[in-house]
Colleague: 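Mind having a look at this structure? Questions to follow.
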Amino acid sequence: DSLLIRGNKVFISLSNCILVYQLDGKFVSRIGSGGRGELQFCGLRGLSTDEFNNDIYICDYSNHRIQIISENLQFNSEFGKDTLHCPLDVKHYKDNIFILDESNPCFHIYNRDLVLQQSVVTRGEGQQVRDPWFFFIDNFGNILITDPGSDSILILNSEFEFIHKISVSLPTGITMDRDDRIIVTS
């Protein structure tokens, strides 16, 4: 499950739908259902907002794609069916879209036109990513990956080179506050 706060709304991804609430807890909407079509999901994971146009990107894990919904919560488009194995999480950083894929595991980097620019395997010497869940990109371009399979957070630089490993018992979600402190759920 993933949580996204955008404006005055909270988006919570469940297995086959997204629940939308106002910040005060009032229910707004339910988006989607189980299946393979538009706004149908099979194993929702990460969510991200494109600050440029306010679209929401949704990792549709078992449908092997990213679905995009507009600011008014309508289906916009999808991509990744030919590239993605099982997308776990998605983030926007500068002019690119980073997707953590369970296959290998690796990152796929797309540009704003949804054209694949690069794929980078993150399993290798020193990294030892076993079971990635979510990731966060800090202000310096470093990538922090939660890996409950190795009880750690792995930190890679912007070139995807291993920097550091932090031991944390079963980390899942990750973000940073305004003072660059890491916040982890486990």
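These numbers come from the heavy atoms of this one structure, side chains and all, not from hydrogens, waters or symmetry mates.
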Colleague: Could you list the residues that satisfy side chain to side chain donor-acceptor pair (under 3.5 Å) with Thr175, not counting sequence neighbours?
Modeller: none
Colleague: Short question: side chain of Ser158, backbone of Asn142 - any donor-acceptor pair under 3.5 Å?
Modeller: no
Colleague: Evaluate side-chain contact (heavy atoms from CB on, under 4.5 Å) for His108 paired with Phe98, printing each intermediate quantity in order.
Modeller: CA-CA 6 Å; His108 300 287; Phe98 289 70; over 6 Å; no
Colleague: Hey, could you give me each pair passing ring-ring contact (aromatic ring centres under 6.0 Å, His included) that has a residue in residues 9-56? Not counting sequence neighbours.
Modeller: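 Sorted result for residues 9-56: Tyr21-Phe27.
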Colleague: Compare all side-chain heavy atoms of Leu170 with those of Asp151 and state whether any distance is below 4.5 angstrom.
Modeller: yes
Colleague: Could you tell me if the side chain of Ile166 sits less than 4.5 Å from the side chain of His164, heavy atoms only?
Modeller: yes
Colleague: Using the ring centroid of each side chain, check whether Phe107 and Phe135 are separated by less than 6.0 Å.
Modeller: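 Close enough - the centres of the two rings lie under 6.0 Å apart.
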Colleague: Given the rule in the side chain to side chain donor-acceptor pair (under 3.5 Å) test, do Asn111 and Asp113 qualify, once you have shown the distances and angles that lead to the verdict?
Modeller: CA-CA 5 Å; Asn111 65 17; Asp113 296 323; 4.5 Å; no
Colleague: Would Ile99 and Asp89 satisfy side-chain contact (heavy atoms from CB on, under 4.5 Å), going step by step from the backbone distance to the final call?
Modeller: CA-CA 6 Å; Ile99 300 168; Asp89 199 8; over 6 Å; no
Colleague: Would a distance-only check, ignoring hydrogens and angles, find a side-chain to backbone donor-acceptor pair under 3.5 Å from Asp60 to Leu44?
Modeller: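 Not a single qualifying donor-acceptor pair exists.
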Colleague: For Asn96, what residues pass the side chain to side chain donor-acceptor pair (under 3.5 Å) criterion, not counting sequence neighbours?
Modeller: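 Expected list: none.
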Colleague: I want to check something: taking the side chain as every heavy atom from C-beta on, are Pro132 and Pro105 in contact at a cut-off of under 4.5 Å?
Modeller: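 In short, these two side chains touch, coming nearer than 4.5 Å.
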Colleague: Hey, does the side chain of Gln67 reach the backbone of Leu39 with a donor-acceptor pair shorter than 3.5 angstrom?
Modeller: yes
Colleague: Apply side chain to side chain donor-acceptor pair (under 3.5 Å) to Ser152 and list each qualifying residue two or more places apart in sequence or on a separate chain.
Modeller: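 For Ser152, the residues satisfying side chain to side chain donor-acceptor pair (under 3.5 Å) (neighbours in sequence not counted) are Ser150.
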Colleague: Within the structure provided, determine whether Val168 and Thr146 are in side-chain contact (heavy-atom separation under 4.5 Å).
Modeller: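 Counting from C-beta outward, Val168 and Thr146 never come under 4.5 Å.
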Colleague: Judged by atom type as modelled, is there a donor-acceptor pair below 3.5 Å linking the side chain of Asp101 to the main-chain atoms of His85?
Modeller: yes
Colleague: Looking only at non-hydrogen atoms, find the nearest pair between Ser186 and Ser169 and report the distance.
Modeller: CB-O, 3.1 Å
Colleague: I want to check something: taking the side chain as every heavy atom from C-beta on, are Tyr57 and Lys91 in contact at a cut-off of under 4.5 Å?
Modeller: no
Colleague: State, yes or no, whether a side-chain contact exists between Ile69 and Ile31 at a heavy-atom distance under 4.5 Å.
Modeller: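 Ile69 vs Ile31: side chains touch.
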Colleague: Using modelled atom types and a 3.5 Å cut-off, is there a donor and acceptor pairing between side-chain atoms of Asn54 and backbone atoms of Glu71?
Modeller: no
Colleague: Can you tell me how the ring of Tyr110 sits relative to the ring of Phe79, calling it parallel under 30°, perpendicular over 60° and tilted otherwise?
Modeller: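 Taking Phe79 first and then Tyr110, their aromatic rings stand perpendicular (interplane angle over 60°).
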Colleague: Passes salt bridge (charged side-chain N to carboxylate O under 4.0 Å, His left out), Asp179 versus Arg181? Steps please.
Modeller: CA-CA 6 Å; Asp179 295 322; Arg181 291 180 293 211; 3.3 Å; yes
Colleague: Which of these, Leu88, Leu47, Ile66, Leu84, sits in a side-chain contact (heavy atoms from CB on, under 4.5 Å) with Cys59?
Modeller: Ile66
Colleague: Apply side chain to side chain donor-acceptor pair (under 3.5 Å) to Asn16 and list each qualifying residue two or more places apart in sequence or on a separate chain.
Modeller: none
Colleague: Test: side-chain hydrogen bond (donor to acceptor under 3.5 Å, both in side chains). Region: residues 34-51. Which pairs qualify, not counting sequence neighbours?
Modeller: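 Sorted pair list: Arg36-Asn63, Ser48-His92, Asp50-Arg112.
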Colleague: Any side-chain heavy atom of Val115 sitting closer than 4.5 Å to one from Gln117?
Modeller: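 They are in side-chain contact.
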Colleague: Please test Ile56 against Ile68 for side-chain contact (heavy atoms from CB on, under 4.5 Å), starting from the C-alpha separation and ending with a verdict.
Modeller: CA-CA 6 Å; Ile56 298 174; Ile68 304 171; over 6 Å; no
Colleague: Does any part of the side chain of Pro87, heavy atoms only, come nearer than 4.5 Å to the side chain of Arg65, both counted from C-beta?
Modeller: no
Colleague: Show, in sequence, the C-alpha distance, side-chain angles and deciding distance for Gln22 and Asn8, and conclude whether the side chain to side chain donor-acceptor pair (under 3.5 Å) test is met.
Modeller: CA-CA 6 Å; Gln22 291 179 352; Asn8 66 347; over 6 Å; no
